[in-house]
Amino acid sequence: MPKSSDISFFAQVYQVTRLIPKGRVTSYGAIGKYLGAAKSARMVGWAMNNAGSQLPSVPAHRVVNRLGILSGKGAFPTPDTMQTLLESEGISIKNDKIVNFKKHFWDPSEELTL
DNA sequence: CGATTGACGTACG
DNA sequence: TCGTACGCCAATC
């Protein structure tokens, strides 16, 4: 892979997040791992926190934790926004948790085929 | 300017 | 197999 040092780690997270297909979801670890920072999952979360300040808007609602739980729902205008958006894309949510998460899971390293 | 927290995940006991 | 500890980097207090 080319040198990704051209852009900040945050920007990489934003770009990958924007590449998430509709009706698909991914985890912080998957993104961090794809960027070569599997242990920096926390940073990915911070990036998502700033995602609301990024343009164009980043589909942060498609990013959940390893368990498929809507951990960042609190960062949205309303805690229901994240779930509503995911349901709008055809993803079922139960108790703030994605149903068939594995089925909707989107791995950048798999789909982007590096 | 220093310490703590934070949308997580992996390692170790 | 389950529980606890650590790492990561930046922002906030």
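These figures come from a predicted structure and were not determined experimentally. Sequence lines set the chain letters: A, B, ... in the order given, protein chains first and strands last, and positions in each chain run from 1. Basis for what follows: all heavy atoms, side chains included, without hydrogens, waters or symmetry-related copies.
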Exercise. Would you say the side chain of Val25(A) lies within less than 4.5 Å of the side chain of Trp106(A), judging by non-hydrogen atoms?
Worked result: no

Exercise. Do Ser92(A) and Glu87(A) have side chains that get closer than 4.5 Å, going by heavy atoms?
Worked result: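 No. Closest side-chain heavy atoms not under 4.5 Å.
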
From the set [options], return the single nucleotide nearest to any side-chain atom of [X].
{"X": "Phe10(A)", "options": "dG9(B), dA10(C), dA7(B)", "answer": "dA10(C)"}
{"X": "Met48(A)", "options": "dG9(B), dA7(B), dC8(C)", "answer": "dA7(B)"}
{"X": "Lys39(A)", "options": "dC8(C), dA7(B), dC8(B)", "answer": "dC8(C)"}
{"X": "Met82(A)", "options": "dC8(C), dA7(B), dA10(C)", "answer": "dA7(B)"}

Problem set entry | Interatomic distance at P, dG3(C) relative to dA7(B), whole Å |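 Approximately 23 Å lies between the P atom of dG3(C) and that of dA7(B).
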
Exercise. Is Ala37(A) touching bases, backbone alone, or none of the nucleic acid, heavy atoms closer than 4.0 Å?
Worked result: nothing

For this session: Scan Asn65(A) against the nucleic acid and name what it touches under 4.0 Å (heavy atoms): base, sugar-phosphate only, or nothing.
Result: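 Sugar-phosphate, no base atom in range.
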
Problem set entry | Glu89(A)/Arg24(A) salt bridge by N-O under 4.0 Å criterion | no

What's the [atom1]-[atom2] distance between [X] and [N], to the nearest Å?
{"X": "Tyr28(A)", "N": "dC8(B)", "atom1": "OH", "atom2": "P", "answer": "6 Å"}
{"X": "Phe9(A)", "N": "dG7(C)", "atom1": "CZ", "atom2": "P", "answer": "18 Å"}
{"X": "Arg66(A)", "N": "dA11(B)", "atom1": "CZ", "atom2": "P", "answer": "12 Å"}
{"X": "Gln54(A)", "N": "dA10(C)", "atom1": "CD", "atom2": "C1'", "answer": "14 Å"}
{"X": "Tyr14(A)", "N": "dA10(C)", "atom1": "OH", "atom2": "P", "answer": "12 Å"}
{"X": "Lys97(A)", "N": "dC8(B)", "atom1": "NZ", "atom2": "C1'", "answer": "18 Å"}
{"X": "Leu35(A)", "N": "dC8(C)", "atom1": "CG", "atom2": "C1'", "answer": "13 Å"}
{"X": "Lys33(A)", "N": "dG9(B)", "atom1": "NZ", "atom2": "P", "answer": "11 Å"}

Problem set entry | Pairwise 5' ranking along DNA chain C for Asn50(A) and Ala41(A), keeping only the more 5' one |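 Looking at the nearest nucleotide for each, Ala41(A) comes out on the 5' side.
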
Seminar exercise, completed: The residue, Trp46(A) or Ala38(A), whose nearest nucleotide of DNA chain C is more 5′ is Ala38(A)

Problem set entry | Partner of Tyr28(A) under side-chain contact (heavy atoms from CB on, under 4.5 Å), chosen from Met48(A), Arg42(A), Arg66(A) | Met48(A)

Problem set entry | Side-chain H-bond candidate by donor/acceptor type, Thr81(A) with Thr84(A), under 3.5 Å |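 No, no side-chain donor-acceptor pair sits under 3.5 Å.
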
Problem set entry | Polar side-chain contact Arg42(A)-dG7(C) base: donor and acceptor under 3.5 Å | yes

